[in-house]
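Remarks on the structure that follows.
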Amino acid sequence: MDEKVSVLIVDDNGSTRKSLSLIFRKRGYETETAGTGREAMEKARDRFFNVALLDLKLPDMEGTELLASLKGIYPDMVVIMVTGYASLKTSVRALSRGALAYLIKPLNVDEVLATVKEGVDKQHLTMENRRLYQEAQRELAERKQAEEALRESEASLAEAQRIAHLGNWDWDIVNNTLHWSEENYRIFGLEPQQFGATYEAFMNSVHPDDREFVQKSVNEALYENKPCNIEHRIVLPNGSVCVVHEQAEVTFDERGKPSRMVGTVQDITERKQLWKKMVEYEELDKLKTSLLSTVSHELRTPLAIIKGYSTMLLDYDRRLSPEEKDEHLHSIDKATDRLTDLVDRLLDMSRLDAGLLKLEKVPTSISKMIKDAVVEAKLRAPGHKIVSKIRGKLPEVSIDARRIREVLDNLIDNAVKYSKERSRVVIEAKRVGAELHISVVDRGVGIPAEELERIFDRMYRAEQRLAPKGEGLGLGLGLGLAISKGLVEAHGGRIWMESNDGKGSKCVFTLPL
Amino acid sequence: MTKTVLIIEDEVDVRNFASRVLELEGYRVLQAEDGEEGMRLVGKRRVALVLLDLRLPGCDGWEVLKQLKSDPELSSIPVIVFTASAALPQRERALNMGAADYLVKPLSAARVKETVIHILHRKG
């Protein structure tokens with residue numbers, strides 16, 4: 001301790017006070033004296049003394065009384081009692097009240113100094129211990145607070161990650177250990193003990209079709225310094241597929257080798273689904289608009305023919321030859337049929353949509369139906385070679401014959417429309433298990449593989465360049481295949497298109513027996 | 001002098017009807033079933049007026065109208081748009097692009113005749 005050790009000397013005898021004071025000062029102590037108990041208390045109230053030497057007999061109070069008061073204020077104060085007579089009773093009382101020692105007059109200077117030194121050393125140790133203890137306590141409290149704060153911020157981070165479906169990860173490339181945050185596990189649907197915590201274990205969760213792409217992106221980040229910002233699919237243990245967005249950065253060692261990669265992963269499955277739905281709605285909206293405009297166009301075209309020729313026949317009656325009039329009346333008749341057909345198709349489509357189509361099923365020979373259809377199709381398309389190929393004797397099937405014939409005619413007309421004159425159109429029928437398979441095969445332009453699924457959608461039509469010239473755009477609403485699909489499905493069958501792009505197509509439908 | 005009208009229309013019956021009406025009214029009529037054919041004819045012959053369908057295979061009526069109106073030698077030929085689409089914005093668009101009139105099918109023989117005569121007369 002740099003500060004001087006202070007001693008308070010309390011004695012009613014002035015010369016004792018003076019001589020003790022002198023002795024201590026000489027040895028480097030700082031001293032203060034008091035003649036009465038009250039004076040001593042006043043001085044002690046102002047400041048702390050390391051040591052108090054108390055005479056047991058004071059004019060205004062007992063020394064033991066003062067001892068108790070001083071100890072009450074300063075528990076660490078070293079108090080030594082001094083007295084002219086020895087009394088076991090008082091000395092025991094003094095020691096029990098916290099005095100360090102009990103010295104008897106005449107005082108032995110060495111004994112006094114030794115006792116004071118012993119007391120001061122002890123006091124020093126006690127105070128130092130307490131200080132250390134308090135410091136330790138404070139440090140402990142601070143650490144506790146810091147830990148608590150860390151726990152809180154970790155908890156709020158985990159909470160934020162959970163809400164945002166955002167996890168983070170840290171990959172030690174040198175040791176190939178991959179650390180995942182809580183949310184990271186949740187996104188991947190794994191428990192920490194289920195995860196191998198390596199790059200390969202992560203790759204295991206990546207959708208098999210996306211692995212090559214993810215590997216390529218990681219390689220580019222590691223070796224070509226490209227930013228890693230990708231979307232890919234993952235497969236959860238329960239088999240469901242999610243879409244995640246990953247963003248990552250690479251740390252390199254002093255030799256420029258990648259040592260660590262850290263990143264975030266966000267579950268964007270919902271966002272993707274929402275987006276997909278939005279696009280679907282937009283497409284549906286476009287389809288509606290386009291259906292309206294097509295319907296309007298398709299209805300107005302035959303009306304234009306009927307209105308045009310009939311007004312012409314009225315206005316120019318006398319200037320037209322009977323042959324020309326006849327020709328125009330035929331055109332009107334054809335346009336009327338076309339209009340009727342359009343109205344029928346529109347009604348069929350809405351009945352199918354509403355599930356209101358009634359089927360009148362009767363046992364029917366499909367072989368006979370195909371033969372009849374071929375005979376009539378040859379009349380409609382005399383340029384094509386239309387043939388039937390029926391494998392074995394087919395059983396009768398319970399169907400609405402008019403509706404299935406409609407499907408067949410539609411498929412044949414389509415085959416004719418998208419293939420060249422003089423090419424073959426083959427109608428095949430065979431039994432496959434508990435079903436009949438009826439197919440219409442052409443050697444026409446075919447359908448690109450990516451359009452095969454859409455081909456039964458309403459309003460779908462092969463690209464215009466594929467349509468033969470002269471037929472115009474007016475023929476049909478693009479509802480033919482959609483209606484055929486609806487009719488076949490209403491019978492419990494299936495319909496699909498097979499195609500070799502550019503080498504023709506094969507449309508198959510089934511009917512359950 | 002007999003004036004020549006070009007009809008660009010892919011529906012054969014509609015094309016024949018309009019063409020017959022105009023022939024009976026004393027015009028010479030050229031027929032084209034698509035945009036390319038129409039542009040080829042208009043470049044080769046002196047055409048006084050074009051009757052143009054909008055929905056055509058390949059190069060459609062809008063494209064034909066744009067090409068006609070952007071060619072200084074052809075831009076003065078009046079074009080009557082003749083369509084099965086009644087949508088209002090299309091009408092506005094066609095007139096803004098320089099069409100002389102916009103007719104929605106179906107049309108009577110009299111309406112075709114009168115519109116053609118009126119526009120050719122206005123032009124002088």
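The chains referred to below are lettered A, B, ... by the order of the sequence lines, with proteins before strands, and numbering in each begins at 1.
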Between A:Ile305 and B:Val14, the two heavy atoms sitting closest are CG1-CG2, 3.6 Å
Taken to the nearest 0.5 Å, the spacing of A:His297 NE2 from B:Arg55 CZ works out to 5.0 Å
So CG of B:Leu24 and CG of A:Leu320: to nearest 0.5 Å the spacing works out to 6.0 Å
Using a 6.0 Å cut-off, check whether atom CZ of B:Arg111 has over 12 heavy atoms from anything other than its own residue. no
*Is a salt bridge present between A:Lys334 and B:Glu11, judged by a nitrogen-to-oxygen distance below 4.0 Å?*
no
The interface call for B:Ala110 against chain A, heavy-atom contacts under 4.5 Å, is both
- Over 12 foreign heavy atoms within 6.0 Å of CZ, A:Arg424: no
Between B:Lys105 and A:Arg300 the two heavy atoms that sit nearest each other are O-NH1, 2.9 Å
Note: B:Ala84 and A:Ser296 closest approach over all heavy atoms is O-OG, 3.5 Å
Residues A:Ser331 and B:Asp13: closest non-hydrogen pair is OG-OD1, 3.3 Å
Nearest heavy-atom contact between B:Phe17 and A:Tyr309 is N-OH, 3.4 Å
Those residues at least two apart in sequence (or on a different chain) that pass side chain to side chain contact (heavy atoms under 4.5 Å, CB included) with B:Leu41 are B:Leu6, B:Leu30, B:Ala32, B:Glu37
Taken to the nearest 0.5 Å, the spacing of A:Asp315 CG from B:Ser108 OG works out to 7.0 Å
If you count heavy atoms of other groups shown closer than 6.0 angstrom to CD of B:Glu92, is the number above 12?
no
When rounded to the nearest 0.5 Å, the distance separating OH of A:Tyr316 from NZ of B:Lys113 is 4.5 Å
- Other residues, nucleotides, ligands: >12 heavy atoms within 6.0 Å of B:Glu73 CD: no
Ordered numerically, the heavy-atom neighbours of chain A under 4.5 Å found in residues 46-54 of chain B are none
